[in-house]
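Here's the structure we're looking at; comments come further down.
Within every chain, numbering begins at 1; the chains are lettered A, B, ... in the order of the sequence lines, protein sequences first and strands thereafter.
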Amino acid sequence: MKTWVENAWYVAGWDAEIDATPMARTICGVPMMFYRKLDRTVVAMRDACPHRMLPLSMGIKEGDSIRCKYHGLKLGPDGVAQEMPLKSDKVNTRVCAETFVVYERHRFIWVWIGEKAKADPTLIPDLWPCSEVSWTFDGGYYHVECDYRLMIDNLMDLTHETYVHSGSIGQPELMEAPLECEVEGDTVRLWRWMPGIDAPPFWRSALKKDGPVDRWQVCQFLLPSSVMIDVGVAPVDAGATLEDHDQGVRGMVIDCMTPEDEHNHHYFWGMARNFDIDDPGFTARFKTQQGGVFAEDKVILEAQQQAIAANPGLKLNAYSIDQGGVRARQIINRKMTAQGGNPE
Amino acid sequence: MKTWVENAWYVAGWDAEIDATPMARTICGVPMMFYRKLDRTVVAMRDACPHRMLPLSMGIKEGDSIRCKYHGLKLGPDGVAQEMPLKSDKVNTRVCAETFVVYERHRFIWVWIGEKAKADPTLIPDLWPCSEVSWTFDGGYYHVECDYRLMIDNLMDLTHETYVHSGSIGQPELMEAPLECEVEGDTVRLWRWMPGIDAPPFWRSALKKDGPVDRWQVCQFLLPSSVMIDVGVAPVDAGATLEDHDQGVRGMVIDCMTPEDEHNHHYFWGMARNFDIDDPGFTARFKTQQGGVFAEDKVILEAQQQAIAANPGLKLNAYSIDQGGVRARQIINRKMTAQGGNPE
Amino acid sequence: MKTWVENAWYVAGWDAEIDATPMARTICGVPMMFYRKLDRTVVAMRDACPHRMLPLSMGIKEGDSIRCKYHGLKLGPDGVAQEMPLKSDKVNTRVCAETFVVYERHRFIWVWIGEKAKADPTLIPDLWPCSEVSWTFDGGYYHVECDYRLMIDNLMDLTHETYVHSGSIGQPELMEAPLECEVEGDTVRLWRWMPGIDAPPFWRSALKKDGPVDRWQVCQFLLPSSVMIDVGVAPVDAGATLEDHDQGVRGMVIDCMTPEDEHNHHYFWGMARNFDIDDPGFTARFKTQQGGVFAEDKVILEAQQQAIAANPGLKLNAYSIDQGGVRARQIINRKMTAQGGNPE
């Protein structure tokens with residue numbers, strides 16, 4: 001039973017993860033392998049030789065082609081046979097590995113899951129801060145042993161920080177500000193606006209300025225499975241609003257969840273920011289810190305997945321704080337139903 | 001398919017295992033967590049937050065309440081919500097975790113499996129030597145990867161010692177004495193009376209006296225899954241009988257098997273004794289030795305469970321030595337059938 | 001669903017693996033244990049005590065009998081009870097463990113899988129070089145986590161050496177010589193004849209002579225699951241032919257694959273040779289080298305088995321180089337169908 005939307009783009013990997021040497025990763029239940037051609041465009045192919053199914057990711061790169069490590073069947077980047085195991089045999093071009101449409105954007109390699117003909121790059125989630133010139137962006141990867149939707153639930157909620165991240169970013173005072181939520185088409189926005197407060201140390205240091213600030217946290221769910229969280233502060237007198245708040249310093253927490261299968265997902269996380277963008281030391285320090293925080297989520301979500309399996313008579317319940325996740329799941333379920341799927 | 005009797009008390013843990021910090025343990029297929037309140041009474045709750053199912057055993061104790069580590073839902077020791085994740089939300093007291101009836105007796109924490117209304121402490125197996133003033137009692141715990149009934153079979157048989165424990169307590173001469181067996185209601189007694197023999201070194205040292213002794217071994221099965229083995233010696237001239245043999249030194253081997261699920265159980269073992277009761281050194285040495293002996297059983301029983309799975313065409317057979325286990329299983333099966341179950 | 005032919009002999013172990021102490025090994029889904037009697041003939045018995053199923057391989061040898069480690073049931077080498085757990089009990093000779101017909105030949109212990117009455121030693125695959133006086137033979141054992149038929153495919157193909165064994169025995173020039181294939185009854189022969197070439201270093205050193213040689217590689221599949229590969233060189237002027245090539249130096253690569261279950265097999269490999277037969281140093285060095293080469297196959301085949309599971313929509317395809325394996329599988333499938341099985 002598929003738990004994901006089809007005819008959609010999913011992150012297959014960071015741009016830096018994929019190079020000339022094949023990388024294996026199972027996406028939405030399909031074993032795939034990825035590599036870059038000499039022109040640096042990315043090839044995605046089913047990770048099984050059409051001959052005897054040995055993973056092609058174990059194979060040998062020859063120019064832009066891949067030669068299977070078992071009997072040497074050579075396939076071009078289009079997946080079509082270029083040389084049979086016995087070199088003297090006539091090449092049968094119906095021998096081919098399934099290929100997948102990929103697109104590089106916003107520092108990620110995206111792969112299209114669904115009908116190839118419908119692959120449209122304009123449907124790639126608009127993670128604009130990841131490629132905006134005046135911003136910088138970096139992050140990491142975790143394999144998480146849970147349904148990707150549990151991570152969406154987790155990210156579309158701003159209260160769990162208090163408990164899960166009590167030792168790092170959790171701050172009880174965040175709980176005071178009211179939450180607002182809005183659905184617009186296929187996106188959900190959940191936010192908290194904190195006007196005229198003292199900036200916490202991290203943001204004060206980013207702003208390089210004293211005095212009261214407006215602070216915001218805006219979570220945005222984007223189909224099929226990304227969450228962007230807009231965070232930052234601006235001096236009160238700059239007049240920042242929910243719609244327009246580039247007067248101060250902004251960060252965008254970027255989270256892309258790609259189903260590996262029904263019970264596991266690939267978690268690509270990072271932060272884009274519009275300040276100190278030429279300071280790689282800041283980037284490196286922040287990435288380490290963010291990795292630590294998200295590792296705390298990984299522990300919680302994997303325990304949650306196991307508890308779901310161990311308590312078959314129970315179901316997940318939703319309270320007011322879960323409205324963001326609930327609405328994101330409604331959008332996912334609506335799409336899955338329209339595709340003839342059977343959402344939980 | 002349940003393999004255990006319901007509406008019965010099972011050992012959840014040693015009294016010393018459970019304290020203010022929650023302890024997780026799955027009992028009869030149900031993930032539970034246990035902790036002590038400030039008044040030292042024990043709370044047993046399903047180990048899943050009613051909100052998003054995170055194990056409550058990962059949570060934070062606040063007084064006698066538990067707060068979930070994920071979103072901070074706070075539950076009282078009665079399992080009922082005391083605070084919602086968003087503190088400003090009205091508390092919904094229908095939000096609650098399932099609780100279980102527990103009772104502390106004979107150095108163990110017992111949990112009632114079945115209909116709460118029927119929980120009756122007088123049904124706790126009468127392991128009287130564990131709490132008798134003139135006796136002392138201690139023991140240990142093993143997780144054993146086999147059906148708990150294989151351990152009952154094992155304990156209701158006094159011949160396996162010769163082979164399984166050949167390096168420790170096995171003694172071929174034990175095999176000479178005839179076995180007798182008796183069923184009375186829901187208990188089975190299996191015994192061997194050895195009149196006028198030389199006491200073996202362990203018992204001679206316990207008796208602190210030379211000369212011929214009467215020796216006994218009396219296994220008793222108690223529903224739902226305990227076995228008590230009365231062992232000891234008395235000087236011949238003291239006139240000990242099967243019914244009354246407190247004239248010498250006695251030990252009671254205590255074994256409580258609690259199903260974790262159909263193929264695993266929690267094994268609580270120990271020995272009570274009515275001699276040298278103020279010698280903690282004796283207790284510690286004996287516990288180490290007994291732990292070694294029962295570890296030998298664990299190896300055998302886990303191999304047996306695997307062999308049962310690997311030989312689906314075979315079945316367990318019973319000979320004369322198995323009469324104790326056979327009758328214990330008949331009692332278990334009769335109860336299970338009466339409860340609409342389907343005993344093997 | 002069985003994946004093997006019944007009423008056939010399978011290798012249970014090397015002659016040296018089986019001695020007085022029982023050895024456990026699952027053959028064609030049946031847990032078995034093997035030991036040698038004092039007269040050195042081999043006993044094969046189901047590895048489960050007829051009493052409580054404890055593996056008999058954990059038991060205690062007493063003369064030619066085995067005594068179960070749990071309750072001491074003693075069985076003769078014919079599997080029949082010789083002593084009950086309670087020694088005073090009358091022996092019930094209907095109590096017995098299933099035994100299997102075994103035969104020692106060609107340095108292996110063979111076990112008959114199927115109807116006992118049909119067990120006929122003349123059906124043991126004719127691995128004659130393993131017991132020919134003027135030859136010597138040795139080898140090793142690997143447990144391989146794949147269907148045994150994938151190993152047959154692997155061995156009945158002489159091209160994979162180029163890629164799988166590129167660092168060891170692979171040689172691109174082998175690919176030039178044409179392959180020929182022939183089915184005769186239940187055997188398949190696949191060969192390559194390379195007349196008048198320079199001997200490669202290994203064979204030149206074996207031949208101890210310079211000059212052009214005829215070189216051959218002849219793979220032979222033998223029911224139910226052995227492959228023998230005849231390799232060697234002879235001086236051109238000796239007039240070697242495909243049928244008669246004992247003029248030079250010959251090696252016979254011996255491979256016997258025994259299903260453990262549907263997804264795992266026991267791989268017995270070695271090489272017989274008719275040169276330097278009194279040089280145990282040569283044997284030891286060659287065995288180490290051959291073990292390294294076959295470990296490379298193990299990696300490939302286990303990855304292939306996993307890929308088969310991960311790509312349920314794909315199937316194995318066969319090209320010209322696979323003709324040997326295809327025909328071997330046709331013979332296996334024909335036998336399995338005749339036995340009412342359901343070959344893939």
His160(C) and His71(A) aromatic ring geometry - parallel, tilted or perpendicular at 30°/60° bounds: perpendicular
Chi angles and distances behind the side-chain contact (heavy atoms from CB on, under 4.5 Å) call for Val11(A), His266(A): CA-CA 9 Å; Val11(A) 172; His266(A) 306 289; over 6 Å; no
Lys/Arg cation over aromatic Phe268(A): Arg25(A), 6.0 Å, 45° cone: no
Partner of Asp230(C) by side chain to side chain donor-acceptor pair (under 3.5 Å), out of Gln220(C), His245(C), Gln217(C): His245(C)
Over 12 foreign heavy atoms within 6.0 Å of OH, Tyr103(A): no
Close contacts, residues 297-313 of chain C versus chain A, judged by heavy atoms under 4.5 Å: Val299(C), Ile300(C), Leu301(C), Ala303(C), Gln304(C), Ala307(C), Ile308(C), Ala310(C), Asn311(C)
Part of Met53(A) lying under 4.5 Å from any heavy atom of chain C: both
Mutual orientation of the aromatic rings belonging to Tyr142(A) and Tyr267(A) [parallel < 30°, tilted 30-60°, perpendicular > 60°]: tilted
Segment of Cys68(A) engaging chain C (4.5 angstrom heavy-atom cut-off): backbone
Donor + acceptor pair across side chains of Tyr70(A), Asn154(C) (<3.5 Å): yes
Residue among Lys69(A), Met58(A), Glu98(A), His51(A) with most heavy-atom pairs under 4.5 Å to chain C: His51(A)
